[in-house]
Amino acid sequence: MGKKTIIPFGPQHPVLPEPIHLDLVVEDETVVEAIPSIGYIHRGLEKLVEKKDYNQMVYVVERICGICSFGHGWGACLAIEGAMNVEIPERAEYLRTILHELGRIHSHLLWLGLMADGFGFESLFNHCWRVRETVLDLFEKNTGGRVVFSICKVGGMRQDISDENLKEMVEVLNGIKKEIKSLTDVFINDTSVKNRMVGVGVLTKEEAEELCAVGPTVRGSGVAQDLRLTDTHGVYGKLGFEPIVEEAGDCMARTKVRIREVFQSIELIEKAVSMIPEGPVAVNVKGNVEDGAEYMVRLEQPRGEAFYYARGAGSKFLKRMRVRTPTNMNIPALVKTLQGCDLADVPILVLTIDPCISCTER
Amino acid sequence: MAYVTKSPWVVHYDGSSCNGCDIEVLACLMPMYDVERFGIINTGNPKHADVFLVTGSVNEQNKDVVRQIYEQMPEPKVVVAVGICACHGGVFRDAYNILGGVDTVIPVDCYVPGCAARPEAIIDGVVKGLGILQAKREAMVNGAKAIPAEEEAPAEEAPAEEAAAPAEETAEEIKEEGGEA
C-alpha cells in the first residue's frame, strides 16, 4: 500500500455545477476517507422571516432550489396554511399534485443527463436535456416560468390551468414516453454504462436505514419508503400507486428507481387529469398567523423527504420557518459509499444521490 | 458577430445561486439552444476560458473562490453576471451572509437580469460580452493601458443584438413571448 494523499475535489469542479468541497484521502487509487466541507451556498434564508411577510416568504422558500422549486413553494404554502387553518379547494390540490409530478419528471431527466455527463457519455447527456426542454415548455405554457414558477400561493393557486391545457399536457407527455424509453434503455442495457454503474457504491438496506437516507437513494436499497403514500399532502391517496423499489443498492439500482419514477409520474399526471374536479383554485386568506400557531409538514421531493415547519408570531411575519432538505439526509450515505471506492468513481457516486447543494445549505 | 474570430470558451461558477440560473446556463449548451455551434465550450478549467459566467449573489465563503477563478483566467477576459442575484442580490439581498452581487468581489462587464435568467437572455449577454472581449483584445494588442469600455460597449451593442437574432432561429417565438411577459 502506498502512503496516504489528500486530493481536493471542488468547490469548482466540472462534474457538478454547484460548489461542494470534498477532501479525498487516497491510498494508491482507492479512496479511504472523504471529508465534506460545505457552506459555499449558505444564504441564511431562514433568517429572512424577519424581513419578509408570510406571503413573500413563499417566494423565498421557492428559491431554495431552482430544480425542485415547485415542491419547495408547495411545502412552504402547506406549512403556513396549516398554521392558519386554511382549507384549500380540491381543484388546487389536484393542480399542485400535477405540477409537482411534472417537476419530478423534469428533475429526473435533468439528473439522468448529469449522470451521463458524469461517466462521460456526452451525447446521452444532450439527448436527456433535449427531452427535458419539452417538459419545460409545458411548464412555461401553464405557469409562465421555466424553472421558478411562483404559481403556488397561500390559499391555493395563483391561476387556473384550463382543461384543454391539462389534456394537451397528457398528450405531450405520452408523446415523449417513447423517446424517454429509448434513452433510458441505453442506461439499462449499454455495456459501457453497466461497467460504470453495476456493483459500484453499494449501500445495503441496513446501512441505508441506519444512515437515514431518503428518496430514490433509500428506495434503491430496497426500502419501500415514499411519503406520497404515507403523508396527506396532495391527492396521492386517491391516485393509487405503489412505491418503486430496487433491491441491489448500487448506482444502477438508484438510476433504475429514477427511470421508473419518470414513467410513474406520467401515469399519475394522466390519472389526476382524468379525475380533476371543477371549481375555484384559491380561497382568500386574510389576517395574521396567530402567535404560537405552528405546523409541520413533510413532502416527497424528487430527491426524497423534505420537511417544512412554520410558527406564527401574531403578525404578518412568521416567527420561524424551518426547512430540512433531502440532500442533507443523503450526505452520510454518500460519505459511506465513498469509503473504499476508486478515485475515478467519485464523480458518479457524488451524482448518484442527486445532490442539491443549494437545498442543503439554503 | 463578424468580430468573433476565435472560439470563446466559458467557465461557469455557482456563487451561492439557487441552481435555477445554473441549469439555464447549461441549457444554453444543449441541443435546443446549442451555442456550441459557435465554438463556445463550457470548460472546467479557468486557465482555458475567455468568458466567466457567475450566477448567484456570492456569500462570504464563496468570495475567495470567485476571486481565485477570476485571477486564474488569462487576459483578456470578460465577466458576465447571470441572474438577478448575481446582478445585485435579488430576493436574498437582505440575507445576513450575502454580499449582494458579483460586482462586490470582481469587476463585471455584463449584467443579465431575470429569475431565473432565460437562456435567450444569457446568450444575448454573452454575445454582448464578446464585443467587450474583442475591444479588450484590441486594446491589449495596441498597447493601450486603459480600456474605454464605456465608449466601446454601446457601439458593439447594436450589431450584437442583430447578430443574436438569427442565432436563435428556433427560439425566436419563445423569445417574443418572454419579452411580452
Side-chain angles (χ1 to χ4, degrees), chain A residues 10-19 21 37-48 50-52 56 59-60 62-69 72 106 110 113-114 117 123 125-134 136-137 140-141 144-148 150 356-359 361-362, chain B residues 11-34 36 42-46 55-66 68-69 72 83-85 89-98 114-119 170-171 174 177-178 181:
Chain A
Q12 193 255 339
H13 194 277
V15 111
L16 275 179
E18 294 180 277
H21 180 83
S37 69
I38 57 173
Y40 293 96
I41 321 193
H42 177 64
R43 291 152 286 181
L45 58 79
E46 284 174 11
K47 183 112 171 118
L48 278 178
E50 291 169 6
K51 291 175 180 159
K52 312 263 182 197
Q56 295 170 325
Y59 301 129
V60 174
E62 196 167 26
R63 280 159 180 78
I64 286 177
C65 170
I67 300 174
C68 35
S69 59
H72 282 308
H106 130 73
L110 178 139
L114 287 180
D117 188 42
S123 54
F125 173 32
N126 278 267
H127 279 299
C128 286
W129 281 54
R130 177 176 56 77
V131 177
R132 176 178 156 265
E133 286 285 342
T134 323
L136 291 190
D137 287 347
E140 190 171 9
K141 183 164 187 184
R146 275 168 59 91
V147 288
V148 179
S150 302
C356 179
I357 314 298
S358 59
C359 281
E361 303 182 356
R362 302 183 292 285
Chain B
V11 60
H12 158 244
Y13 184 67
D14 172 347
S16 324
S17 127
C18 75
N19 262 345
C21 296
D22 307 284
I23 55 175
E24 294 295 55
V25 166
L26 281 182
C28 293
L29 297 152
M30 292 300 123
M32 175 89 179
Y33 297 98
D34 197 14
E36 276 195 21
N42 184 18
T43 168
N45 190 343
T55 57
S57 36
V58 186
N59 68 10
E60 289 291 339
Q61 195 168 356
N62 245 331
K63 118 186 127 175
D64 294 332
V65 186
V66 171
Q68 269 176 25
I69 295 173
Q72 283 181 48
I84 193 67
C85 293
V91 69
F92 304 116
R93 190 172 173 78
D94 295 332
Y96 60 84
N97 201 24
I98 288 300
C115 182
R118 299 182 55 84
T170 49
I174 302 171
E177 282 172 27

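Scope of the values below: all heavy atoms of this structure, side chains included, with no hydrogens, waters or symmetry mates. Within every chain, numbering begins at 1; the chains are lettered A, B, ... in the order of the sequence lines, protein sequences first and strands thereafter.
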Closest approach of B:Ser17 and A:Ile41, non-hydrogen atoms and distance? O-CG2, 3.3 Å
Name the member of A:Gln56, A:Arg130, A:Glu46 that forms the most heavy-atom pairs with chain B at distances under 4.5 Å. A:Arg130
Atom pair CG/CG of B:Asp94 and A:Leu45 - distance to nearest 0.5 Å: 12.0 Å
For B:Thr55, which atoms come within 4.5 Å of any heavy atom of chain A: side chain, backbone, both, or neither? neither
Region of B:Leu26 that comes under 4.5 Å of a non-hydrogen atom in chain A: both
Determine whether B:Asn19 and A:Cys356 make a side-chain contact, defined as any pair of heavy atoms from C-beta on separated by less than 4.5 Å. yes
Does any heavy atom of chain A fall under 4.5 Å from the side chain of B:Val11, the backbone, both, or neither of them? side chain
Side chain, backbone, both or neither: which part of A:Leu110 has a non-hydrogen atom closer than 4.5 Å to chain B? side chain
Need one label for A:Leu48: side chain, backbone, both or neither, based on atoms under 4.5 Å from any heavy atom in chain B. side chain
Engaged part of B:Glu24 at the chain A interface, taking heavy atoms whose separation is under 4.5 Å: side chain
I'd like to check A:Arg43 versus B:Cys18 (side-chain heavy atoms, cut-off strictly below 4.5 Å). Are they in contact? yes
May I ask you to test the B:Met32-A:Trp129 pair for a side-chain heavy-atom distance under 4.5 Å? no
Determine the minimum heavy-atom distance between A:Gly44 and B:Ala95, stating which atoms define it. O-CB, 4.2 Å
Do A:Arg63 and B:Cys85 have side chains that get closer than 4.5 Å, going by heavy atoms? no
Engaged part of B:Val91 at the chain A interface, taking heavy atoms whose separation is under 4.5 Å: both
Where B:Asn62 and A:Pro19 come nearest, the two heavy atoms and their spacing: ND2-CG, 4.3 Å
For the side chain of B:Asn59 and the backbone of A:Gly39, is there at least one donor-acceptor N/O pair under 3.5 Å apart? yes
Identify, with sequence neighbours excluded, every residue that meets ring pair (Phe, Tyr, Trp, His ring centres under 6.0 Å) alongside A:His42. B:Tyr96
Any B:Ile23 side-chain heavy atom under 4.5 Å of A:Arg132 side chain: yes
Sorted by chain and residue number, the side chain to side chain donor-acceptor pair (under 3.5 Å) partners of A:Lys47 (sequence neighbours excluded) come out as A:Glu50
If we only count heavy atoms from C-beta on, is the A:His21 to B:Gln61 side-chain gap below 4.5 Å? no
